[in-house]
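Heads up, the thing below is written out as structure tokens.
Chain A is the first sequence line, chain B the second, and so forth, proteins listed ahead of strands; every chain is numbered from 1.
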2 protein chains.
Amino acid sequence: MDKPDQEKKEPEDAFTISALAEEFDISTRTIRFYEEKNMIFPQRTDGNQRIYSRRDRARLKLILRGKRFGYSLEEISEIIGMTEVDFDEENQIKKALKFGKRRLAEIRERINELKLLEQDLLSFQENIKTRLDSLNTSPK
Amino acid sequence: MDKPDQEKKEPEDAFTISALAEEFDISTRTIRFYEEKNMIFPQRTDGNQRIYSRRDRARLKLILRGKRFGYSLEEISEIIGMTEVDFDEENQIKKALKFGKRRLAEIRERINELKLLEQDLLSFQENIKTRLDSLNTSPK
DNA sequence: TAGACAGCTTACGTTAACGTTAACTTTTGA
DNA sequence: TCAAAAGTTAACGTTAACGTAAGCTGTCTA
């Protein structure tokens with residue numbers, strides 16, 4: 001009863017646009033829009049329909065992740081564009097490295113800021129709890 | 001030579017709109033816009049000019065921080081609105097607590113996602129370095 | 001084999017978050 | 001004191017990131 005997974009006819013590595021849309025809970029329009037913006041490049045079938053590889057899917061995931069912490073599509077393009085650099089020249093590589101360091105620094109800053117907000121909210125919670133207690137201790 | 005700081009005539013707790021704009025590197029229009037959206041409520045002078053208290057300033061800071069991790073102004077309004085709840089009723093307090101818990105969970109999730117991205121970028125960096133090394137080890 | 005349904009392109013519509021301009025008033029510094 | 005700098009309201013403009021609708025084609029299934 002434990003056959004290797006093989007449910008549909010999809011070659012395991014190809015996704016339709018609607019499959020991805022459902023998986024990530026976005027519209028097909030959104031996915032096509034990202035393509036318009038040259039952020040993702042699916043192949044086409046004979047009938048001109050888009051087919052997304054596992055790699056395309058990963059890229060889409062990255063885009064959405066970027067969005068979730070407030071990067072604009074343009075910034076995301078830069079970030080993921082970085083992962084596509086041609087490794088022809090050493091210089092290119094070094095530039096990519098440097099760029100990556102900046103990004104890393106930014107991300108760590110964001111993490112720290114979020115932790116700050118977390119603290120803000122936590123102390124606020126404490127504040128509320130105290131008030132609640134005093135309400136119950138000395139009612140009316 | 002170490003007199004207590006006292007440079008201008010500002011009562012140490014009042015800020016002009018342009019002072020805040022400069023401090024946070026945003027436009028005065030932006031600050032007024034937040035007021036339009038009922039996110040901040042400065043007092044007025046006799047001449048009808050806005051004066052911002054230390055508290056207003058903190059709030060502005062919060063708004064901007066929220067923006068930096070991708071919250072919309074509306075979401076930010078909810079978050080900071082929470083810190084303004086009237087503590088009239090126990091029920092209100094409990095609601096605020098619950099709401100805060102959700103927000104905290106969200107924020108922690110964001111932190112985790114960011115750490116994920118950090119890892120992605122880090123391993124990518126390693127990848128690049130390796131390539132760079134092999135370039136230098138076996139040149140041409 | 002005919003619907004029904006998924007997908008495609010094109011194009012116009014919408015909303016959030018300000019930018020910009022105009023026309024006017026208040027504040028400030030030499 | 002008086003002109004420049006800073007502030008005010010009102011209104012229209014702009015851009016990113018999609019939503020929506022139309023008109024057509026390709027694909028699946030009973």
Protein-nucleotide distance (I63(B), atom CD1; dA16(C), atom P), rounded to Å: 17 Å
Residues which pass side-chain hydrogen bond (donor to acceptor under 3.5 Å, both in side chains) with E23(B), listed by chain and number, not counting sequence neighbours: R57(B)
Nucleic acid contacts - residues 20-30 of chain B versus DNA chain C, non-hydrogen atoms under 4.0 Å: S27(B), R29(B), T30(B)
Side-chain donor or acceptor of R54(A) paired with backbone N/O of A14(A) under 3.5 Å: no
Partner set under side-chain hydrogen bond (donor to acceptor under 3.5 Å, both in side chains) for T45(A), not counting sequence neighbours: none
F33(A) CZ - dT14(C) P separation (whole Å): 17 Å
Close approaches to DNA chain C from residues 35-52 of chain B, in residue order (heavy atom, under 4.0 Å): T45(B), G47(B), Q49(B)
side-chain N/O T16(A) vs dA6(C) OP1/OP2, d < 4.0 Å: no
Atom-to-atom span, CD of E78(B) to P of dA16(C) - whole angstrom: 14 Å
Approximate separation, where rounding is to 0.5 Å, of I26(A) CD1 and I31(A) CD1: 4.0 Å
Which residues share a side-chain hydrogen bond (donor to acceptor under 3.5 Å, both in side chains) with E74(B), sequence neighbours left out: none
Taking every non-hydrogen atom, the tightest pair across D56(A) and I51(A): OD2-O, 4.0 Å
Side-chain N or O of K67(B) closer than 4.0 Å to phosphate OP1/OP2 of dA16(C): no
By side-chain hydrogen bond (donor to acceptor under 3.5 Å, both in side chains) - contacts of N48(B) (at least two apart): R44(B)
Length of the OH-P vector between Y71(A) and dA17(D), whole Å: 14 Å
Rounded distance in Å - CD1 (I17(A)) to P (dC18(D)): 13 Å
Sidechain-backbone polar pair: S77(B) side chain, L73(B) backbone, donor-acceptor under 3.5 Å: yes
Length of the line joining R32(B):CZ and dA10(D):C1', which is rounded to integer Å: 12 Å
Pairing of K67(A) and E75(A) as salt bridge, 4.0 angstrom limit: no
Separation of atom CD in E74(B) from atom P in dT15(C), rounded to whole Å: 12 Å
Separation of atom OH in Y34(A) from atom C1' in dC18(D), rounded to whole Å: 8 Å
